[in-house]
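Worksheet for the structure shown next.
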Protein chains: 2
Amino acid sequence: MHKKITIKDIARLANVSHTTVSRALNNKSRIKNETKEKILAIASELNYQPNFIARSLVMNRTKTLGLVITTIANPFYTELSQGIETTAISLGYNIILCSSNYDLSAEKQYINMLRSKGVDGIIFTSAHMGDPNIIGLAEKGFPAILVNRRTYHPMVREKVDYVGVDNILGGFLAVEHLIKLGHKWIGVIGGSSESSVGFERLEGGKKALTTYGLKVIGDYFLEGDFLKGSGYQGGKKFLKMDEPPTAIFAANDYMALGTYQAILEEGLKIPEDMALIGFNDIEFTSMRGIELTTIGQKKYEMGALAVKTLVERIEGGKVGPSKEIILEPELIIRKTCGFHSKGYQIESKKSNDEQ
Amino acid sequence: MHKKITIKDIARLANVSHTTVSRALNNKSRIKNETKEKILAIASELNYQPNFIARSLVMNRTKTLGLVITTIANPFYTELSQGIETTAISLGYNIILCSSNYDLSAEKQYINMLRSKGVDGIIFTSAHMGDPNIIGLAEKGFPAILVNRRTYHPMVREKVDYVGVDNILGGFLAVEHLIKLGHKWIGVIGGSSESSVGFERLEGGKKALTTYGLKVIGDYFLEGDFLKGSGYQGGKKFLKMDEPPTAIFAANDYMALGTYQAILEEGLKIPEDMALIGFNDIEFTSMRGIELTTIGQKKYEMGALAVKTLVERIEGGKVGPSKEIILEPELIIRKTCGFHSKGYQIESKKSNDEQ
DNA sequence: TGTTCTTGCGTTAACGGTAACACAAAAATT
DNA sequence: AATTTTTGTGTTACCGTTAACGCAAGAACA
């Protein structure tokens, strides 16, 4: 393999010191235009590529960001990642991908690795509620940002920025939609209790119930884990109740898809016999044959915003208190909750066991 | 922020030279067990994290791989990426993610950046047929591997390994399936001409036609671009023909999904009025309401194999000629091709329930 | 015309590791 | 007991950059 050419090679050919070459390449002041151009010409002639490793060592900056994610297999995260990666590139940063696969100890190893490799900052897309790793980072003042999921730990809130959707409002919108369609018995399948978004969406749902004068019934709140299987099981569970709900809000689309399947398996029709609403608006939920009503959020923008905020913090020094950027969710009406003609006048839906 | 501790800090505390600390940390021979343990104790006490940047500079190895991909938004690539990332981690490597978004000049910039950052090798998941960037890399003998899509350039074939599915066989299986179901008029929507996999799947399809004594009719072969839209347009085009085909093979699932929609929009039923088969078996095609018959390939394993092969080449020196690893595709029968009364027994495959 | 300021560049020292080499002391061999 | 080999460690150089500092020559000012 070709020997890599360095600034010293250029220096020799240009009859200057390697420092001067460095100055020319970095467009520093106090260099004669003539010599600069000579050096630049030689550099491009030789197709010189700077060695970022060496630069990083002395500058203590790598122009690289770590992205810690549970799994990119979830379309929600892939879209988020796209926003993150594309924006990072546009700002001159690269992304090192780290899929923790829901393993907290793996996360710790990732963080150590990333810090060893000198990343300038780390993006966490799926922080656990009391994630000790993130708390540790916050204590050290290491540049990091939380996207999507957050942590309520005071130290983290104080030091680490956050970008996410208003999950409480999202949950509210979902359940409100069901209520406005005439539902009074609404089942909710939450996310894992370690996740802030699951918790918040649940809170929003409860808020909608109380706002509209409906009771919050414990049996109608099931805990899930954001995976399809738990949506499926939740659906089955609801349908086996003496008084099943007439509508179900699943805290994400994956679970909603599982619930969908459970409902069909029990011989019920959607939306006639059971209304269903999800959360996230992942690709494919809009496809024919599914057309899930759901709560949408700007995933790509969220990722983009996260990177911008993080890079700002990295490059702007450690100034300023931490930010919390909250985006607006949006109700996306498709076909799994039925239609409303005017002002939410919907055909009242009686299930057999309604009293 | 805390000052990062270095081997020199440890050396001072242990009363040895920094070289000895390096020896202890790297488990080199010729060091007294006693001193080694003392050093290791101090290192873990101080929670020492090695500086990979410095190590990389002298060793000329970063334990980092570049992943050049068109977009991770395509579920095919996300699953591939998962295999790549997980395997890389298990072998001690990190992945820098580079989404080219179908832009060849972006690819060139990515490659330069990756080389500047000193990655030990690059994985290409979607090489163009005559990709000059990859040819350049091959000429320099830089460690690289092609996954999924390939290049037929002799220099690349000679120097760069390849892992992919047998797309010719896959195309053959798809069309053969349709033929065995009794179809004689089969429309094919190919991939982009810049992609080896599109070309190969088409070849396989033609081979099936001639093998079973059917004519290869030019009008029945449309060029697509692997995106949903071109599948949709292709479907429309076929249906507007005087003699539309009775079955369509789309060279990937995304296009098949588009074709699906076009068919439904024209008021036809699948599979009664039109049979449809795709390629890749991406998630969601198995979902209720779609259940696309398709050609499956082991995406995760493909990614894993690619990383293993690349790392082998990196770590084993540049020995040995290049490898071509070809995996077997698999016909996955679901519901979009229907059943045939006589002679062709179909055992339906259980849909792969995700997560 | 002498003094100060600016410009342009070279010298040298980092950054945090690894590796080649040297050289005593200890162990093994004769 | 003398010689050779092995073991354990320190010294020094180096990887390819950037940055602090120094200094001569020219420009600006008095």
Side-chain angles (χ1 to χ4, degrees), chain A residues 1-40 42-43 46-64 112-120, chain B residues 1-40 42-43 46-64 112-120:
Chain A
M1 186 165 14
H2 265 210
K3 198 183 157 295
K4 262 272 175 189
I5 62 156
T6 73
I7 52 170
K8 289 185 183 170
D9 299 320
I10 300 175
R12 212 174 310 117
L13 289 169
N15 258 316
V16 293
S17 77
H18 70 275
T19 306
T20 301
V21 176
S22 174
R23 273 192 275 257
L25 260 21
N26 293 297
N27 211 15
K28 288 275 167 90
S29 56
R30 292 178 60 155
I31 181 169
K32 215 200 294 178
N33 227 308
E34 193 184 327
T35 43
K36 181 157 92 180
E37 272 160 22
K38 183 171 70 177
I39 290 168
L40 257 31
I42 294 175
L46 297 180
N47 189 28
Y48 166 76
Q49 297 295 128
N51 183 325
F52 271 73
I53 308 274
R55 177 182 296 177
S56 297
L57 185 57
V58 50
M59 305 251 289
N60 209 26
R61 298 276 305 291
T62 54
K63 288 276 185 176
T64 306
N112 283 340
M113 177 63 91
L114 289 172
R115 298 209 62 198
S116 270
K117 291 205 171 169
V119 295
D120 298 333
Chain B
M1 185 164 19
H2 264 208
K3 199 184 157 293
K4 261 272 175 188
I5 60 156
T6 73
I7 53 170
K8 287 180 186 171
D9 299 319
I10 299 175
R12 212 175 311 116
L13 288 170
N15 257 317
V16 293
S17 76
H18 70 276
T19 306
T20 302
V21 175
S22 173
R23 273 190 276 255
L25 259 22
N26 293 296
N27 212 11
K28 288 275 168 85
S29 56
R30 292 181 58 160
I31 180 167
K32 214 201 291 180
N33 228 308
E34 194 184 326
T35 42
K36 181 158 93 181
E37 272 160 21
K38 182 171 68 178
I39 290 169
L40 258 30
I42 294 175
L46 297 180
N47 190 26
Y48 167 76
Q49 297 294 128
N51 183 326
F52 271 72
I53 308 273
R55 178 182 294 175
S56 296
L57 185 58
V58 52
M59 305 253 288
N60 210 25
R61 297 276 305 292
T62 55
K63 288 276 184 175
T64 305
N112 284 340
M113 177 63 91
L114 289 172
R115 297 208 63 198
S116 269
K117 291 206 172 170
V119 296
D120 298 333

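In the text below, chain A, chain B and the rest are named by the order of the sequence lines, each starting its count at 1.
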List, with names and distances, any nitrogen or oxygen atoms from the protein found under 3.5 Å away from nitrogen or oxygen atoms belonging to nucleotides 5-11 of chain C.
unit_1	atom_1	unit_2	atom_2	d
C:dG8	N7	A:Arg30	NE	3.2
C:dG8	N7	A:Arg30	NH2	3.1
C:dG8	O6	A:Arg30	NH2	2.3
C:dC9	OP1	A:Thr35	OG1	3.4
C:dC9	OP2	A:Lys32	N	2.9
C:dC9	OP2	A:Thr35	OG1	2.9
C:dG10	OP1	A:Ser17	N	3.3
C:dG10	OP2	A:Ser17	N	2.8
C:dG10	OP2	A:Ser17	OG	3.0
C:dG10	OP2	A:Thr20	OG1	2.4
C:dG10	N7	A:Arg23	NH2	2.8
C:dG10	O6	A:Arg23	NH1	3.4
C:dT11	O4	A:Thr19	OG1	3.1

To the nearest Å, how far apart are B:Ile53 CD1 and C:dG17 P?
-> 11 Å
Spacing of B:Asn51 atom CG relative to C:dA14 atom C1', expressed in whole Å = 14 Å
Just how far is it from atom OG of B:Ser22 to atom NZ of B:Lys28, taken to the nearest 0.5 Å?
-> 6.0 Å
Identified side-chain contact (heavy atoms from CB on, under 4.5 Å) partner of B:Val21 from the options B:Asn26, B:Ile10, B:Ile42 | B:Ile10
Hey, what bend do you get for the helix from C:dT1-D:dA30 to C:dT29-D:dA2 if you fit axes on five pairs at each end, rounded to 10°?
-> 40°
Interatomic distance where CD1 belongs to B:Ile10 and P belongs to C:dG16 [whole Å] = 13 Å
Answer yes or no: is there a donor N or O on one side and an acceptor on the other, between the side chain of B:Ser116 and the main chain of A:Asn51, under 3.5 Å?
-> no
A:Thr20 meets the side-chain contact (heavy atoms from CB on, under 4.5 Å) criterion, sequence neighbours left out, with A:Val16, A:Ser17, A:Arg23, A:Ile31, A:Ile39
Nt span of DNA chain D in reach of chain B heavy atoms at under 4.0 Å, 5' end first, is D:dT7 to D:dG16
4.5 Å side-chain heavy-atom contact, B:Asp9 and B:Arg12 | yes
Is it the case that A:Lys117 and B:Thr64 place a side-chain donor and acceptor less than 3.5 Å from each other?
-> yes
In whole angstrom, give the distance that lies between atom CG of A:Leu57 and atom C1' of C:dA14.
-> 9 Å
Not counting sequence neighbours, which residues clear salt bridge (charged side-chain N to carboxylate O under 4.0 Å, His left out) with A:Lys36? List them please.
-> none
What is the distance, rounded to the nearest whole Å, between atom NZ of A:Lys117 and atom C1' of C:dG17?
-> 15 Å
Under 4.0 Å: is that the gap between some side-chain N or O of B:Lys28 and OP1 or OP2 of C:dT18?
-> no
Just call it for A:Asn26: base, sugar-phosphate, or nothing, with non-hydrogen atoms closer than 4.0 Å on any strand.
-> sugar-phosphate
Return the minimal non-hydrogen interatomic distance between B:Pro50 and B:Arg55, and the atom names on each side.
-> CB-NH2, 4.0 Å
What are the two closest heavy atoms between B:Ile53 and A:Thr62, and how far apart are they?
-> CD1-CG2, 3.5 Å
Given side-chain contact (heavy atoms from CB on, under 4.5 Å), test A:Leu40 with A:Leu25 step by step and report yes or no.
-> CA-CA 7 Å; A:Leu40 257 31; A:Leu25 260 21; 3.6 Å; yes
Partners of A:Thr19 by side chain to side chain donor-acceptor pair (under 3.5 Å), sequence neighbours excluded?
-> none
